[in-house]
Amino acid sequence: MARILIAEDDDGVRAFVTRALAHAGHEVVEAEDGGLASEVMLEEAGRFDLLLSDIKMPVMDGIALALNVASSWPEVTIVLMTGFADQRERAHGLDQLIYDVIPKPFTLQQVLEKVDDALAGRPPEIVSLARQAMMG
C-alpha cells in the first residue's frame, strides 16, 4: 500500500480522511497545515507516494505546498481538495504538477477512488467520464 501525507487544517476532515485511508491499508502521516506538511516532506526526504492537501489553509496554502513538493520531489503524486470553486480554478494552472482536485464535500468512497486512481496513474478526466457514463 501507499505512504500518504495529508495536509488539512480542518481536524474533522483530516481525521475522516486519515481513518478512511488507514482502513484501506495505507500508511498515513498527518499535518495541520501546509507549512507543517512542507517540514514533514523535508524531514522524510520526500518519501511519500502521494500528497493529499487542502488548498485553503493558514501558513502555507495547498497551491504553495504543491509547487514546493513538485519542485523538490517530482515523483510524489499530488491531489488537492477544496470546497471553494475559485480555489479550484487557481489549481487548474497547475495541471502539469497535480493529479486532480477533489471538490468538497466528498464521500469516503470518492476520496478512496481518487487516491487509488492517482496511485495507479489513471488519467483523471478519463476516469471521471467513465464513472459518469456508469452513473448515467
Tell me the side-chain hydrogen bond (donor to acceptor under 3.5 Å, both in side chains) pairs involving residues 68-83, sequence neighbours left out? Ser38-Asn68
Residues which pass side chain to side chain contact (heavy atoms under 4.5 Å, CB included) with Arg3, listed by chain and number, not counting sequence neighbours: Glu27, Val29, Glu44, Arg47, Phe48, Asp49
Quick check: closest heavy atoms across Ala2 and Leu119, and the distance to 0.1 Å? CB-CD1, 3.5 Å
So, Arg14 and Asp54, do they make that salt bridge, N to O below 4.0 Å? no
Quick check against the 3.5 Å criterion: does Tyr99 have a side-chain atom that pairs as donor or acceptor with the backbone of Gly121? no
Calculate, to the nearest 0.5 Å, the distance between atoms CZ and CG belonging to Phe16 and Asp10 respectively. 11.0 Å
In terms of hydrophobic clustering (I, L, V, M, F, W, Y; side-chain heavy atoms under 4.5 Å; direct or indirect links), are Ile6 and Met1 co-clustered? no
With side chains defined as the heavy atoms from C-beta onward, is the minimum distance between Lys104 and Val111 less than 4.5 Å? no
Residue pairs meeting salt bridge (Lys or Arg N to Asp or Glu O under 4.0 Å), one or both in residues 56-68, sequence neighbours left out, come to Asp61-Arg90
Between Glu30 and Leu36, is any pair of side-chain heavy atoms under 4.5 Å apart? no
Heavy-atom pair of closest approach, residues Ala118 and Leu50: CB-CD1, 3.9 Å
Considering only heavy atoms from C-beta outward, does the side chain of Val76 approach that of Met41 to under 4.5 Å? yes
Can Asp117 and Lys114 be counted as an ion pair, charged N to O under 4.0 angstrom? no
When rounded to the nearest 0.5 angstrom, what distance separates CG in Asp116 from NE2 in His26? 5.0 Å
Value rounded to 0.5 Å, distance of CE in Met57 from CG in Leu65: 5.5 Å
Tell me the closest heavy-atom pair linking Leu80 and Ala66, and the distance in Å. CD2-CB, 4.5 Å
Which atom names give the shortest non-hydrogen contact between Val28 and Ala22, and what distance separates them? CG2-N, 3.9 Å
Can you give me the closest heavy-atom contact between Leu5 and Ala31, atom names plus distance? CD1-CB, 4.4 Å
Identify the two heavy atoms, one from Gly35 and one from Asp33, that lie closest to each other, and give their separation to 0.1 Å. N-OD1, 2.8 Å
Side-chain contact, heavy-atom cut-off 4.5 Å: Ile102 with Leu52? yes
